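The structure appears below as structure tokens.
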Amino acid sequence: MSPAVRFVNCCRHFGSIRAVDGVTLDIAEGEFFAMLGPSGSGKTTCLRLIAGFEQPDEGHIEIFGETAEGVPPYKRNVNTVFQDYALFPHMTVGENVAYGLRIKGVPLADREAKAKAALSMVKLGGYEGRRPAQLSGGQRQRVALARALVNNPKVLLLDEPLGALDLKLREQMQEELKALQKQLGITFVFVTHDQGEALSMADRVAVFNDGKIVQVGEPADVYERPLSRFVADFVGSSNVLSPAFASGHGGAAKWTSLRPEKVCVFPLGAKVGEGQSHADGEIKLISYQGAVTRFSVASGDMRITAEVPATETSFEPGNKVRLIWPKSAMVTMEDGA
Ligand code: ATP
């Protein structure tokens, strides 16, 4: 079976800026795929290449096995939900959702029925007559989604669709989007710079940096086994141990990632179990984060961060402590410099 989307060594340059720089990637049919990376790393340009708003300078793109180059956006069976929703303010919600069908010449009764069905899919049944200005941010976001879904696309592109929502609503929409994707079975390609969002929603994640994909895999895989310092730092936070430090503390002589939540803080002299490593050091900083408390501990020339559930702690900055972690939490990386 052909992948829903295939990039083969794709490049898109703007003058000297290599916005997309040699991307090769298959996105499977029915997959919820996240493109994650910092601002300017090329995610949106990749989405625009799939949509047909941009053409590759080099390389090749296929959508369901067919060459996409030269195929205009409206013939691609791909729809985009933009971050700013791009709703027409002078049209009602119903008219906004049915707009694409009207342009295609679908008869009135048919497009009204389809718009209604799309709106009920996003839980906005009965809102047809309102105007965008009479809706909350979350409701506008749903209208934008319904407007894309009404075309029955095979691939839905979502460019930071939850970026404008507050945290609570964002979390609620994350769950709803995920459920909707499973229900419809449409391929979703989701762009975000929020790692929590990518990890919680996607079947697979591609991490972008400087126009390149630096790692791609299932969320747990990317989080648990980062290949580089960039991924270890961008997807969550991490202690990047030097080869010398790692080998002196039960690991290999390689750049090593150690997640702060794997490190526990004990009084000096605490017993170290089998399969565990430890380092003694001095607490330099304690920072209360709500659910967790973060300790920054100086050990030799390393600063190690430990993140522990925020129970009452009697430690204070300046205390000498023993950090203990499972050896299995030390993950060697290809590139740590
Ligand atoms: P963000 O999260 O901020 O949207 P992004 O990862 O989606 O970032 P892109 O929008 O793909 O990044 O941009 C990648 C690079 O290409 C950036 O340096 C951007 O300034 C540049 N770029 C994108 N579109 C154009 C354009 N039309 N003309 C010139 N440069 C562009």
Side-chain angles (χ1 to χ4, degrees), residues 5-27 31-61 63 68-73 76 78-87 137 140-141 144-145 148 155-167 170 173-174 177 187-202 204-217 219 222-223 226-237:
V5 179
R6 169 167 280 171
F7 283 83
V8 184
N9 206 14
C10 269
C11 297
R12 179 70 177 109
H13 301 160
F14 299 103
S16 63
I17 297 169
R18 304 171 82 85
V20 173
D21 195 15
V23 165
T24 294
L25 173 71
D26 280 358
I27 299 173
E31 200 168 24
F32 196 130
F33 193 88
M35 293 181 168
L36 172 69
S39 185
S41 59
K43 313 175 298 285
T44 297
T45 306
C46 273
L47 219 57
R48 292 173 61 80
L49 285 165
I50 302 172
F53 302 133
E54 298 284 352
Q55 297 293 330
D57 299 313
E58 286 170 37
H60 173 60
I61 296 177
I63 298 175
E69 289 93 75
V71 179
R76 290 193 178 200
V78 166
N79 272 92
T80 308
V81 178
F82 298 98
Q83 176 172 1
D84 62 3
Y85 315 146
L87 300 179
R140 279 199 282 271
Q141 207 284 332
L145 195 59
V155 180
L156 189 66
L157 309 175
L158 303 112
D159 192 357
E160 299 264 3
L162 310 181
L165 307 180
D166 64 47
L167 182 66
R170 209 179 155 110
M173 282 305 294
Q174 286 172 5
L177 263 184
T187 308
F188 274 31
V189 186
F190 188 95
V191 160
T192 180
H193 60 261
D194 180 328
Q195 49 104 10
E197 193 161 282
L199 295 182
S200 66
M201 294 173 81
R204 278 193 312 149
V205 178
V207 185
F208 279 72
N209 189 23
D210 277 344
K212 295 186 172 67
I213 293 178
V214 289
Q215 189 165 349
V216 57
V222 172
Y223 186 81
L227 295 176
S228 60
R229 177 188 288 263
F230 177 81
V231 175
D233 282 341
F234 191 76
V235 184
S237 64

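Quick caveat: nothing in here was measured; it's all calculated off a predicted structure. Remember, it's 1-based here, ligands and their atoms both numbered in the order they're listed. The figures that follow rest on heavy atoms only: side chains count, while hydrogens, waters and symmetry mates do not.
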Indicate yes or no: at least one non-hydrogen side-chain atom of [X] is less than 4.5 angstrom from one of [Y].
X      : Y      : value
Val216 : Arg204 : yes
Phe190 : Leu177 : yes
Leu25  : Phe33  : yes

Tell me, which protein residue and heavy-atom name are nearest [atom], and how many Å apart are they?
atom                    : answer
atom 12 (O) of ligand 1 : Gly42 N, 3.2 Å
atom 11 (O) of ligand 1 : Thr45 OG1, 2.6 Å
atom 24 (N) of ligand 1 : Phe14 CE1, 3.4 Å
atom 3 (O) of ligand 1  : Ser39 OG, 2.6 Å
atom 14 (C) of ligand 1 : Gly40 O, 3.4 Å

Inset, instruction - Apply side chain to side chain contact (heavy atoms under 4.5 Å, CB included) to Phe208 and Val20, showing your working. - result: CA-CA 10 Å; Phe208 279 72; Val20 173; 5.8 Å; no
By number and element, which atoms of ligand 1 are closer than 4.0 Å to a non-hydrogen atom of [X]?
X     : value
Ser41 : 5 (P), 6 (O), 12 (O)
Thr44 : 4 (O), 5 (P), 7 (O), 10 (O), 11 (O)
Pro38 : 6 (O)

Legend entry - Flag: protein heavy atom within less than 4.0 Å of atom 20 (O) of ligand 1: no
Legend entry - Any protein heavy atom nearer than 4.0 Å to atom 26 (C) of ligand 1: yes
Judged by atom type as modelled, is there a donor-acceptor pair below 3.5 Å linking the side chain of [X] to the main-chain atoms of [Y]?
X      : Y      : answer
Gln141 : Pro161 : yes
Gln195 : Gly236 : yes
Glu54  : Cys46  : no
Thr192 : Leu36  : no
Arg18  : Gly211 : no

Inset, instruction - Decide whether an N or O pair under 3.5 Å exists between Ala19 and ligand 1. - result: no
Legend entry - Heteroatom distance test (Ile17, ligand 1): nitrogen or oxygen, under 3.5 angstrom: no
Inset, instruction - Only heavy atoms count here, so choose which of Lys43, His193, Glu54 is nearest to atom 2 (O) of ligand 1. - result: Lys43
